[in-house]
2 protein chains.
Amino acid sequence: MARCLTIGAAQLGPIARDESRPQVVERLIALLHQAKAQGCELVVFPELALTTFFPRWYVEDQGDVDAWFEREMPGPQTRRLFDTAAKLGLGFSIGYAELVEEKGRTRRFNTAILVDPQGNIVGKYRKIHLPGHDQHEPWRQFQHLEKRYLETGNLGFRTFDVFGGRLGMCICNDRRWPETYRVMGLQGVEMVLLGYNTPVHNPPAPEHDALGLHHNRLVMQAGAYQNATWVVGVAKCGNEEGVPMIAGTQIIAPSGETLAQAATEGDELITYRCDLDLGRSYRSSVFDFARHREPQHYSLITATKGPIEPEEAQRLDERLGSGLTPSGGA
Amino acid sequence: MARCLTIGAAQLGPIARDESRPQVVERLIALLHQAKAQGCELVVFPELALTTFFPRWYVEDQGDVDAWFEREMPGPQTRRLFDTAAKLGLGFSIGYAELVEEKGRTRRFNTAILVDPQGNIVGKYRKIHLPGHDQHEPWRQFQHLEKRYLETGNLGFRTFDVFGGRLGMCICNDRRWPETYRVMGLQGVEMVLLGYNTPVHNPPAPEHDALGLHHNRLVMQAGAYQNATWVVGVAKCGNEEGVPMIAGTQIIAPSGETLAQAATEGDELITYRCDLDLGRSYRSSVFDFARHREPQHYSLITATKGPIEPEEAQRLDERLGSGLTPSGGA
């Protein structure tokens with residue numbers, strides 16, 4: 001018997017710098033109504049879905065930066081989103097910039113939350129792979145200052161048993177790293193929700209600009225297949241404040257096939273009725289981790305952050321008891 | 001200045017059970033001559049390129065099984081391959097079943113070697129991710145008894161500084177596991193050579209049979225892109241002893257783009273002049289591991305072989321000092 005969850009992937013077009021939270025929330029609510037009409041149970045909004053993608057600007061005044069952050073969720077300007085979703089009986093996930101007092105200091109994260117159909121926050125994720133740089137680089141046409149304005153997430157890659165399945169979240173650049181999906185895959189994740197803001201143009205490597213949509217699809221499909229999970233990737237896209245961003249919103253099955261995808265670069269909902277059991281046949285055959293993984297040979301993945309020389313790798317491997325240990329019967 | 005290595009990916013059609021080693025070696029030599037004529041420097045042959053894919057049969061007599069193994073390399077029947085390659089000034093890699101006395105006992109591996117243009121073996125890899133099963137399963141149309149006839153490789157995922165670059169190897173099912181490429185990527189690998197024998201039909205999950213070529217391409221492209229490395233994937237394919245196997249031999253750039261691919265399911269050489277520096281722009285930007293990886297959040301990857309429950313995952317994560325450790329400045 002199929003265990004289905006009908007998903008709405010709610011792509012957003014650009015959000016202007018001077019667009020207010022209430023204005024954006026109205027756009028989100030329009031998509032919620034459409035999702036309800038199309039039978040959705042869970043709506044996925046993109047990363048930083050309440051504001052423009054502000055890391056593109058170097059801003060000296062921290063107060064000005066903090067204006068893009070949420071101090072509570074829901075807050076006075078976002079409560080209407082929660083109330084409407086609850087009234088419609090819809091769950092949703094949404095990304096936003098989070099400002100929080102934690103461990104005696106002010107901390108800022110690139111966050112996504114998962115909200116159940118009653119309006120309760122049932123899952124939270126803080127972005128771990130922050131791309132970009134932390135110093136102003138005036139030579140760039142636009143900045144990518146996530147490493148300046150935000151801290152590395154401190155909640156790990158958790159999964160949440162909600163909506164009748166096991167769900168996980170990650171954000172934007174996280175999707176390019178196979179470790180992201182694997183840590184959730186090792187917890188039996190069945191669906192990964194992720195939003196992104198990805199400029200077409202990457203100033204340090206403009207020679208890759210034509211490949212943005214190819215890479216976007218490649219990493220999400222591979223993450224889905226290699227972990228036998230659905231992946232719902234949702235863009236904020238189009239030309240935002242003069243910076244074109246890729247679209248490519250799509251819903252990917254555990255087979256690694258894209259089964260639905262957006263047609264535009266604007267506000268657009270795509271839906272799919274996802275059978276959460278579809279990953280089972282992979283998990284019990286080619287990707288039966290307990291039978292087929294060989295972690296004694298993976299030690300470098302956690303033992304080093306950056307690349308190391310092969311000689312050092314081999315020493316490390318031997319010291320950690322992996323490389324030369326017979327493991328045929330392990 | 002480009003740092004180019006011209007590769008020949010030498011796909012093989014089926015090898016019959018009664019085909020002798022000298023007969024197969026003649027086919028390999030024909031491909032070597034063609035490679036020489038097309039300006040190749042290094043020719044990549046597939047997995048188990050000297051025999052039929054014997055794990056498809058359940059054979060009780062170990063002596064009969066061992067007839068498919070090589071006791072020395074080169075041996076009397078394979079020396080001609082080495083001599084011809086050296087005469088042509090060609091390097092090559094090739095997969096074969098290796099029988100070796102090691103640690104006081106007979107051991108059997110699914111092995112690939114890398115041979116320099118002078119005929120010296122300069123690299124060896126023993127397959128780590130053995131697929132299939134270890135007991136006879138008569139309900140299958142054909143067996144996949146790699147876990148019965150072979151031991152898990154004990155040499156790790158090494159890299160080798162040869163042919164003017166840093167090369168690595170893996171074999172067949174290894175390519176489906178992102179850990180394979182990552183362990184080599186963390187050593188700065190620039191090109192991964194891999195051969196495979198992949199049946200179209202997977203008896204435990206026949207519903208995936210139509211996706212063999214999609215998965216083949218997906219995992220190799222993702223491994224290439226996510227580690228900024230060339231990947232050369234070479235099939236033994238076609239209908240071998242009644243079992244159809246996928247082709248899909250291809251040469252993939254660090255961009256994750258397939259730049260050359262085979263057209264047939266038989267013996268066929270495809271070539272590409274690969275600039276080993278093409279990965280640099282990825283390694284210095286989006287995949288600058290030292291700046292962007294967050295291994296404190298990857299601990300599950302090496303801490304567990306099979307999947308674990310989220311609660312256990314979180315305890316493990318906290319015990320290993322990852323999940324809740326601020327790492328913004330790490």
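Just so we're on the same page: letters track the sequence lines, and every chain starts at 1.
- Smallest separation of non-hydrogen atoms from A:Arg291 and B:Lys305: O-NZ, 3.9 Å.
- At distances below 3.5 Å, not a single donor-acceptor pair connects side-chain atoms of A:His215 with backbone N or O atoms of B:Tyr225.
- Scanning residues 196-205 of chain A against chain B with a 4.5 Å non-hydrogen threshold yields A:Asn202, A:Pro204, A:Ala205, sorted by number.
- B:Thr302 approaches A:Pro295 most closely through the heavy-atom pair O-CB, 4.0 Å.
- The part of B:Ser285 that comes within reach of chain A is its side chain, from C-beta onward, which places non-hydrogen atoms under 4.5 angstrom from that chain.
- With a 4.5 Å cut-off on non-hydrogen atoms, A:Leu211 touches chain B through its side chain but not through its backbone.
- The parts of A:Pro310 that come within reach of chain B are both its backbone and its side chain, each placing non-hydrogen atoms under 4.5 angstrom from that chain.
- Chain B forms the most heavy-atom pairs under 4.5 Å with one residue out of A:Gln221, A:Glu102, A:Glu312, and that residue is A:Gln221.
- With contacts defined as side-chain heavy-atom distances shorter than 4.5 Å, the pair B:Arg182/A:Glu179 qualifies.
- A:His297 places a side-chain N or O within 3.5 Å of a backbone atom of B:Gly153 that can act as its donor or acceptor partner.
- In this structure, the separation between CD on A:Glu309 and CG on B:Leu186 is 12.0 Å, given to the nearest 0.5 Å.
- B:Phe289 and A:Pro307 make their closest contact through CB-CD, 3.8 Å (heavy atoms, listed as atom of the first residue, atom of the second, distance).
- The heavy-atom pair separating A:Glu207 from B:Ser281 by the smallest distance is OE2-CB, 3.0 Å.
- Put simply, the side chain of B:Gln226 reaches to within 4.5 Å of the side chain of A:Val219, judged on heavy atoms.
- Ranked by heavy-atom pairs under 4.5 Å with chain B, the list A:Met184, A:Gln187, A:Arg293, A:Arg176 is led by A:Arg293.
- Ranked by heavy-atom pairs shorter than 4.5 Å toward chain B, the options A:Leu300, A:Ile301, A:Asp288 are led by A:Ile301.
- Aromatic rings from A:Phe287 and B:Trp177 are positioned such that their centres are separated by under 6.0 Å.
- For chain A, the option among B:Ser255, B:Gly132, B:Gly188 with the highest count of heavy-atom pairs below 4.5 Å is B:Ser255.
- The contact between B:Val286 and chain A is made by backbone and side chain atoms together, counting heavy-atom distances below 4.5 Å.
- The salt bridge (Lys or Arg N to Asp or Glu O under 4.0 Å) check on A:Asp161 picks up A:Arg166, with sequence neighbours excluded.
- Ranked by heavy-atom pairs under 4.5 Å with chain A, the first of B:Gly306, B:Gly256, B:Pro178, B:Ala303 is B:Pro178.
- Chain A forms more heavy-atom pairs under 4.5 Å with one residue of B:Ser284, B:Ala313, B:Gly185, B:Ala222 than with any other, namely B:Ala222.
- Aromatic ring centres of A:Tyr282 and B:His208 lie closer together than 6.0 Å.
- There is no contact between B:Leu150 and chain A, counting heavy-atom distances below 4.5 Å.
- Across all their heavy atoms, A:His292 and B:His129 have their closest contact at O-CD2, 3.4 Å.
- To the nearest 0.5 Å, the span separating CD on B:Glu294 from CZ on A:Phe157 amounts to 8.5 Å.
- Proximity to chain B (any heavy atom under 4.5 Å) is restricted, for A:Asn173, to the side chain, taken from C-beta onward.
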